[in-house]
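Along the sequence shown, residues carry numbers from 1.
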Amino acid sequence: MKYLKFTLFPIASLVITFMMLQGGNWMYSGLATLLVLLVFGDALLPEDLSEEHYEATGFLNLMLYVQLPILLLATTLAVSTASTGDILSIKPVMLDTFGLDLERTREISNSLQWLAALMAFGFMYGAGGTNVAHELIHRTYSARDLVIGRWLLAFTGDASFSIEHVYGHHKNLATPKDPATAQRGDSVYRFIVKSTVGSYESAWGLERERLKKFGYSVWNPVSSRMIRGNLMTLSIAAWCFYLGGWMGVGMFVLMGFVGKSLLEIVNYMEHYGLVRRPEDKVEPRHSWNSNKWMSTSFLYALPRHSHHHAEADKEYWHLRAYPHAPMMPYGYLSMILIALFPPIFRRMMEPLLADWDNRFATPAEKTLAQQANRAKNDKQRRMIRIASTDIEVEHNREREVILNTALKQGLGFPHNCRVGSCTQCKCKLKSGRVMELTDSSYVLSAEDLASGMILACQSVPLTDVEIEVQLSSTNGCKLVDTRGEITATRLLTHDIMEIKVALDEPMEYRAGQFAEIRLNEFSLSRNYSIAVAPRGKPQSELVFHVRKVPGGRFTEWLFQASRVGTRFDVSGPFGEFYLREADAESDIVCIAGGSGMAPVKALLEQAAWTGITRTVHYAFGARTQSDLYCTNEMVALGREWRGTLNFTPVLSAEPTGSDWQGQRGMVTQALTEKSVHWSNAQAYLCGPPAMIEAATQCLLQLGVKPDMIFADAFLDSSHTNPASEKQNLTDSVCSVV
């Protein structure tokens with residue numbers, strides 16, 4: 001078995017070639033097979049930590065050497081099949097010998113199917129050509145292996161690799177001088193160009209300096225390995241032209257491009273973000289390693305990259321697992337696919353790089369890592385200008401939306417839901433480009449879209465941008481990103497739990513605002529109103545009232561067992577639900593239901609602390625007595641209030657005949673019985689959407705001005721809309737209406 005695993009790639013190459021040449025939908029079988037083998041194989045099979053002793057090294061070398069005739073055969077068959085002619089009379093031979101009707105394959109295959117097949121052949125160029133060549137060109141003691149390796153590189157037009165990789169990359173890796181080391185924050189697409197161009201320039205320079213010592217020209221085809229390598233590529237292109245004309249050359253170029261791109265993506269992954277001083281020895285820690293069984297077997301132990309760079313002269317069967325080296329989270333093909341989406345790849349690598357900085361880097365490398373992080377932030381720096389003002393905000397965090405950047409500067413940017421539903425944060429994009437995280441056409445009007453309106457909570461600047469928005473006359477509290485830990489929990493009702501969260505960094509907020517908590521290991525993001533007043537200073541502890549939502553992933557988890565000690569990310573404050581200033585004759589009307597008690601309680605506590613004397617009418621709706629909570633706190637707050645605070649619990653489903661002596665019915669009914677100066681009142685509504693809507697209509701009928709109604713609708717995952725379906729919807733998302 002230990003020998004057979006290295007026959008996987010040659011066998012797979014032949015089988016894939018045979019399947020794809022069936023034509024039609026069989027053309028997709030190459031990519032599908034590679035996907036199943038490498039992605040699912042790596043995911044399902046255990047890691048390969050074996051370090052076997054091999055004696056039949058001739059067989060192991062043969063598995064490398066056969067790749068050259070396999071690639072030549074696959075190229076010849078592919079181009080001959082696509083050609084209307086048959087110069088070599090291959091088609092009748094394939095039909096008689098293998099039952100492959102290549103003429104029929106050409107007739108039944110469309111352009112998309114051919115593209116899929118050529119991409120699979122290109123993968124064979126990269127994995128079976130460049131990868132095998134990578135092994136052979138390190139054997140500088142063997143002329144045979146070097147020649148075979150350079151011919152394999154000719155399929156991807158990569159004459160530079162045999163020079164730059166051995167004499168440049170292995171010397172300069174993890175330093176800025178190495179074109180094949182991706183710096184932190186690099187996009188894979190920019191890196192492919194940078195590495196390709198840089199590697200060719202370096203190879204030409206190395207070859208020129210070598211030949212200068214002997215008095216030879218780098219343009220001499222007899223002595224120059226660069227010229228000979230390029231001539232090898234031209235000879236394969238000429239062979240394809242002979243078989244299929246310019247179409248054959250085009251096919252060869254496309255396959256070579258895919259193979260070369262595959263190499264550069266692998267280069268991108270293998271040393272991404274790692275740093276080293278040029279004078280220091282290359283160590284296993286300077287490469288990302290992988291011990292996934294399928295990738296290791298299929299790619300001739302290439303994923304054991306940490307040992308390869310520690311001892312580059314070792315044949316592939318001698319490479320050890322190095323399980324304590326920096327490790328990629330997935331197998332090679334999975335990592336390649338993830339790398340094609342730079343924001344996802346960089347977000348995945350950030351914690352791995354932070355871990356590398358802490359556990360693997362020397363003190364000198366920690367300094368280099370800090371410099372690399374600053375350079376990465378500089379690459380991501382964008383300026384956000386507010387039109388008709390002198391305000392200019394620096395944006396330097398990948399995938400951070402315009403709204404969060406503004407809030408971190410304490411700007412009074414209108415907002416609330418932060419999932420692209422409420423449209424409170426809409427603004428006009430006057431110049432620049434943004435990436436929208438959701439489709440804003442679901443919530444913005446046709447007129448808004450035509451005038452260039454965007455949602456600040458869903459827009460990431462790709463360039464410097466200028467936006468037009470009406471900021472609040474008073475600045476808000478600066479947004480804080482920190483970590484928190486649950487320190488205590490207690491049940492307030494049968495389905496509402498109070499959780500206390502200690503913060504690593506204090507947070508300044510307005511009473512009534514909310515914070516976001518993120519459990520990254522569960523990919524959960526949840527927003528909850530803060531249930532205590534800040535009383536004039538930043539708070540190191542936040543209190544939330546969390547209602548259990550049937551089927552809610554977070555609340556089901558929270559209520560299952562004690563979660564004291566759990567740590568997660570915390571961001572805040574968010575939202576514009578806070579007490580507005582008004583004259584002493586302006587009544588405050590509060591209406592809440594369920595866990596909507598939390599922000600109203602905090603808002604009133606803060607008002608009492610500041611000594612407000614305005615009259616308050618607070619109607620709290622619940623179903624039964626078992627759903628009531630914080631009633632004692634409200635009574636105590638009423639005694640503390642310098643003016644008048646009327647607190648009225650209203651039960652909508654209390655059984656007839658119970659001992660309840662208070663008000664029954666819908667909470668909106670309690671409004672009409674209040675003696676309020678409605679035309680001069682401010683209303684603060686918090687609770688389920690249906691209650692908010694009913695209360696709003698009632699208040700308007702009573703004479704409350706529309707711009708004096710401030711609402712915080714608590715939505716659970718059943719209240720999604722197309723614009724927010726892609727978000728991590730909360731068990732209790734806040735949004736202003």
Donor on one side chain, acceptor on other, [X] and [Y], under 3.5 Å:
X: N61; Y: R144; value: no
X: T463; Y: R382; value: no
X: E164; Y: S199; value: no
X: Q183; Y: D186; value: no
X: T296; Y: D48; value: no
X: R184; Y: N373; value: yes
X: N289; Y: S287; value: no

Measure the acute angle between the ring planes of [X] and [Y], then classify it against the limits of 30° and 60° as parallel, tilted or perpendicular.
X: F6; Y: Y300; answer: parallel
X: W356; Y: F360; answer: parallel
X: F191; Y: Y268; answer: tilted

*Excluding sequence neighbours, so at least two apart, what forms side chain to side chain contact (heavy atoms under 4.5 Å, CB included) with Y189?*
S187, L340, P342
*Report yes if the side chains of L231 and L234 come closer than 4.5 Å at any heavy-atom pair, otherwise no.*
yes
_Presence of salt bridge, D280 and R276, under 4.0 angstrom_ = no
*Which residue pairs pass the side chain to side chain donor-acceptor pair (under 3.5 Å) test with at least one member in residues 172-181, sequence neighbours excluded?*
H169-D178, D178-T181
Throw together a table of side-chain donor-acceptor distances under 3.5 angstrom for residues 318-339, partners on residues two or more places apart or in other chains.
from	atom 1	to	atom 2	distance (Å)
R320	NH2	Y322	OH	3.1
Y332	OH	E270	OE2	2.8

*Between NE2 of H165 and CG of L173, what distance do you get to the nearest 0.5 Å?*
9.0 Å
*To the nearest 0.5 Å, what is the distance between OG1 (T57) and CH2 (W317)?*
5.5 Å
*Do Q22 and T105 pass the side chain to side chain contact (heavy atoms under 4.5 Å, CB included) test, and can you show the C-alpha distance, the side-chain angles, and the key distance before you say yes or no?*
CA-CA 6 Å; Q22 304 288 328; T105 296; 5.5 Å; no
*Think K260 forms a cation-pi with Y125, using NZ or CZ under 6.0 Å from the six-ring centre and within 45 degrees of its axis?*
no
